[in-house]
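Position 1 is the first residue of the sequence; numbering continues from there.
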Amino acid sequence: MKYSIELVPRSWETLNAEVEDVSQFSQINTLNIPDLLRFDVRSWDACDRLQDKFDEVIPHLRAIDFDLKNGFPLTDFFRHSRINSVLVVEGDPPQDISHRTYRNTSCELIRIIKKELPYMKVYAAIDQYRTSMRKELDYIHDKIDAGVDGFFTQPFFDLKFLDLYMDMLQGTEVFWGMSPIHSETSRSYWENKNDVVFPSDFEATKEWNIKFGRAMLKKVKAKNDNVYFMPIRANASEYLGKLLAED
């Protein structure tokens, strides 16, 4: 079982401090770094520098950021690094309109990476809130046909909804997403930005999130699957300390 933590590369200084902070949790063996255009640190550079700290490092790659007409621009970089895994996401349009983007899909980037770097383990994203479950499952199978090896989901907040996806994705390598929500502002963000429907018993409190997280972690462990912690707007060491205290 793999325990992955997502850390945002706001700067080298803050990233190094957060890595040092989470290193106290022996269960955390995988690092995910999103590629966020508003920050200077690129995901692949961060993972290259930090790969000795974890069993596996996984940079996020935004498909729309790459000109794929002549292949994958980072092929040489990855050939000369020891990074063996990437997570392909399609990517949201940038707020800075001067940033050039391309009409690529995740599947197109997955195919090119698997062709040029056949040893690379390529993950893709599952957004269980983006559309209907039927359409999302179709998109998942499109990514499998493109050569993807596994998936990372958006965070779950409902165990019944989790059960549905676990049933549908049996036999597929999945990192099941978890993210604490500690304020009504954060809840509103997930509802309005990501179309999340929260269960009726949801509470934007640390207590509810820890209780739910432990129940979800128990389900994931029973399936011998993987977990993906996204402590967005939360203290990672405090969250993990309470969540993994009984692990």
Counting only heavy atoms not in [X], do more than 12 sit closer than 6.0 Å to its [atom1] atom?
| X | atom1 | result |
| --- | --- | --- |
| Gln24 | CD | yes |
| Glu191 | CD | yes |
| Asn235 | CG | yes |

For [X], check side-chain contact (heavy atoms from CB on, under 4.5 Å) against everything at least two apart and list the hits.
| X | value |
| --- | --- |
| Asn104 | Ala63, Leu68, Tyr102, Glu108 |
| Asp158 | Lys160, Phe161, Pro199 |
| Glu184 | Arg187, Ala204 |

Pair [X], [Y]: side-chain N/O donor-acceptor within cut-off below 3.5 Å:
| X | Y | value |
| --- | --- | --- |
| Tyr228 | Glu6 | yes |
| Trp176 | Asn226 | no |
| Ser11 | Thr14 | yes |
| Glu13 | Asn16 | no |

Side chains of [X] and [Y], heavy atoms from C-beta outward: is any pair under 4.5 Å?
| X | Y | value |
| --- | --- | --- |
| Asp35 | Val89 | no |
| Ile110 | Ile112 | no |
| Phe151 | Thr172 | yes |
| Leu50 | Leu15 | yes |
| His182 | Thr205 | no |
| Ser85 | Glu56 | yes |
| Ile5 | Asn32 | no |
| Val174 | Tyr165 | no |

Are [X] and [Y] connected in the hydrophobic side-chain network, where two residues link if heavy atoms are under 4.5 Å apart?
| X | Y | result |
| --- | --- | --- |
| Ile181 | Tyr129 | yes |
| Trp208 | Tyr239 | yes |
| Leu109 | Ile144 | yes |
| Val196 | Ile232 | yes |
| Met230 | Val8 | no |

Which atom of [X] lies closest to which atom of [Y], heavy atoms considered:
| X | Y | value |
| --- | --- | --- |
| Lys2 | Asn29 | CA-OD1, 3.6 Å |
| Phe25 | Ser237 | CZ-O, 3.3 Å |
| Asp48 | Ser81 | OD1-CB, 3.5 Å |
| Ile33 | Ala46 | CG2-CB, 4.1 Å |
| Ala245 | Arg214 | CB-NH2, 4.2 Å |

| task | Please say whether the positively charged group of Arg49, taken as NZ for Lys or CZ for Arg, lies over the ring of Trp44, i.e. under 6.0 angstrom from the six-membered ring centre and within 45 degrees of the axis. | result |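 Arg49 over Trp44 ring: no.
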| request: Before giving the answer on salt bridge (charged side-chain N to carboxylate O under 4.0 Å, His left out), spell out for Lys206 and Glu238 the whole-Å C-alpha distance, their side-chain angles and the decisive distance to 0.1 Å. | output: CA-CA 10 Å; Lys206 293 180 180 180; Glu238 180 184 351; 3.0 Å; yes
Verify, without hydrogens or angle tests, whether [X] (side chain) and [Y] (backbone) share a donor-acceptor contact under 3.5 angstrom.
| X | Y | result |
| --- | --- | --- |
| Ser43 | Pro34 | no |
| Thr153 | Ile126 | no |
| Arg62 | Asp92 | yes |
| Asn192 | Ser188 | yes |

| query | Using the benzene-type ring in the case of Trp, are the ring centres of Tyr123 and Phe175 under 6.0 Å apart? | reply |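 Here the rings of Phe175 and Tyr123 have centres that are less than 6.0 Å from each other.
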| field | Stepwise side-chain contact (heavy atoms from CB on, under 4.5 Å) test for Met1 and Val227 | value | CA-CA 8 Å; Met1 181 176 175; Val227 67; 4.2 Å; yes
| Would you call the rings of Tyr3 and Phe229 parallel, tilted or perpendicular if under 30° counts as parallel and over 60° as perpendicular? |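 Rings of Tyr3 and Phe229: tilted, 30 to 60°.
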| task | Tell me, please, which residues at least two apart from Arg82 pass side chain to side chain donor-acceptor pair (under 3.5 Å). | result |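 For Arg82 the side chain to side chain donor-acceptor pair (under 3.5 Å) partners, ignoring immediate neighbours, are Asp52.
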| query | side chain to side chain donor-acceptor pair (under 3.5 Å) with Asp96: which residues, sequence neighbours excluded? | reply |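 Only Ser98 meet the side chain to side chain donor-acceptor pair (under 3.5 Å) criterion with Asp96.
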| request: Tell me, with the steps shown, if Asp45 and Phe77 meet side-chain contact (heavy atoms from CB on, under 4.5 Å). | output: CA-CA 9 Å; Asp45 290 328; Phe77 172 88; 3.8 Å; yes
| field | Pairs flagged by side-chain hydrogen bond (donor to acceptor under 3.5 Å, both in side chains) wherever residues 136-150 is involved - sequence neighbours left out | value |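 Residue pairs with at least one partner in residues 136-150: Glu90-Tyr139, Lys114-Asp149, Arg130-Glu136, Arg134-Asp138.
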| Working for side-chain contact (heavy atoms from CB on, under 4.5 Å), residues Leu87 and Leu61 | CA-CA 6 Å; Leu87 170 58; Leu61 305 175; over 6 Å; no
| query | Which of these passes ring-ring contact (aromatic ring centres under 6.0 Å, His included) with Phe198: Phe156, Phe157, Phe212? | reply |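 Only one of Phe156, Phe157, Phe212 forms a ring-ring contact (aromatic ring centres under 6.0 Å, His included) with Phe198, namely Phe157.
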| task | Kindly determine whether Asp65 and His99 satisfy side-chain contact (heavy atoms from CB on, under 4.5 Å), including the steps that lead there. | result | CA-CA 9 Å; Asp65 287 340; His99 178 81; 3.0 Å; yes
| said: Using a strict threshold of under 4.0 Å (side-chain N to carboxylate O), is an ion pair present between Lys121 and Glu173? | reply: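 Salt bridge: yes.
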